[in-house]
Amino acid sequence: MIYLDHAATTKIRDEVFDAMLPYLKEEYGNPSSVYALGRSAHKALDRAREQVRAALGARAAREIFFTGCGTESDNWAIRGAALENVKKGRHIITTKVEHHAVLDSCKYLEKLGWEVTYLDVDSSGQVSAGDVAGAIRPDTVLISVMFANNEVGTINPIREIGELAREKGILFHVDAVQAVGHVPIDVENMGIDMLSLSGHKFYAPKGVGALYIRNGVTIEKFLQGGAQERRRRAGTENVASIVGMGEAITLAMQEMPEETRRLGKLSAHMLSRLQKEIPGTRLNGHAEDRLPGNVNISLPSVRSEAALFHLDLEGIACSSGSACTSGSVEASHVLLAMGLSEREARSALRFTMGRETTREELDRTVDVLKKIAEQKEK
Ligand SMILES: *Cc1c(COP(=O)(O)O)cnc(C)c1O
């Protein structure tokens, strides 16, 4: 199998699995228990919290709160900030190209009486800081803009938006699920107040994530119950997975410079072959400000669904858009917001590379795509 869907999920790496194993077996204590077994689990959480802190450039490990997934982090940040600030206002600014975890949290709040501005993006999928500035109102309490888009890989001007939010005293949440472990992030110098991440997008297991909440920022609880996570996120921690996430983020940070170069070269190679050998291939997303391992293309006269089917028969796993919309017949909300026609949006294919992706795999994928495109022309 050729796996080119790393934006959907990644395989747990061996070092991560090995780090987790003791916490699934003999080190099974509840981190809230006071005896030695519990204290050992608690220490493991402390270590992972420090690893995540270091990767984000956060000031203190106590600003990291472990959650059940990226979706929970997004839900918590948005609903929590909205509920905490009802007295100040009920207006939220976000973009049209966010992940559904953000969009649906906003839609939920709209039903409850909040107003949400969904900003347009340009043809590369990027939001402009100027547009964010123009949407700010006296009753704006939250700005939520994703770091990098999960479909087209476009990276947003996060630092500029952070500065703006800081100036106006508005909370700034960033869904960085696609970015963490792949591109450098610094919550301090980017002016980020809350940041969502998810382990399974950087070789940790599924079902574990974190929300960074800047010291001094309070948001309403999402889960009610025990005193875990400094009384802000109830529920016994998923110790083994959190340990795995800590290990994975540390390894990702160490390997990032080299991996960025390698993936950048691979993407450029794939794209140049595609554009040369399948005339009319268009790259979706920003040409430079993009995740290094993302190649999202529209092929002329090829429907995504048919192409995915053929690719699957050839043992190649990729995606037509975001994982949640593939399989359904709707065109991607991201591509439509970028101004693609229904037809172009329905012919998009997303290839996302990872640690084990090789040039040979990409060459084989391009060969299969050529065959698919040629068949269509007949
Ligand atoms: C995957 C993803 C999420 C959701 O994370 P889960 O851990 O799968 O719930 C949210 N936002 C973006 C941008 C993602 O890519």
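Below, all heavy atoms of this structure are taken into account, side chains as well, without hydrogens, waters or symmetry copies. Atoms within a ligand are numbered from 1 in the order they appear, just like the ligands themselves.
Under the rule for a side-chain contact (heavy atoms from CB on, under 4.5 Å), the partners of Ala60 that lie at least two apart in sequence or sit in another chain are Arg62, Glu63. Residues passing the side-chain contact (heavy atoms from CB on, under 4.5 Å) test with Lys371 are Glu314, sequence neighbours excluded.
Side-chain polar atoms of Ser124 and Thr154 form no donor-acceptor pair below 3.5 angstrom. At a cut-off of 3.5 Å, with distance as the only test, a side-chain donor of Ser144 or His173 sits close to an acceptor on the other residue. For Glu344 and Ser298, the side-chain atoms include no donor-acceptor pair closer than 3.5 Å.
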Enumerate the pairs of nitrogen or oxygen atoms, one from ligand 1 and one from the protein, separated by less than 3.5 angstrom; state names and distance to 0.1 Å.
residue: ligand 1; atom: 7 (O); partner: Gly70; partner atom: N; Å: 2.8
residue: ligand 1; atom: 7 (O); partner: Ser198; partner atom: OG; Å: 2.6
residue: ligand 1; atom: 7 (O); partner: His200; partner atom: NE2; Å: 3.4
residue: ligand 1; atom: 8 (O); partner: His200; partner atom: NE2; Å: 2.9
residue: ligand 1; atom: 9 (O); partner: Thr71; partner atom: N; Å: 3.0
residue: ligand 1; atom: 9 (O); partner: Thr71; partner atom: OG1; Å: 2.6
residue: ligand 1; atom: 11 (N); partner: Asp175; partner atom: OD1; Å: 3.3
residue: ligand 1; atom: 11 (N); partner: Asp175; partner atom: OD2; Å: 2.7
residue: ligand 1; atom: 15 (O); partner: Gln178; partner atom: NE2; Å: 2.7
residue: ligand 1; atom: 15 (O); partner: Lys201; partner atom: NZ; Å: 2.8

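Sorted by first and then second residue, the pairs that involve residues 157-168 and meet side-chain hydrogen bond (donor to acceptor under 3.5 Å, both in side chains), not counting sequence neighbours, are Arg159-Asn189.
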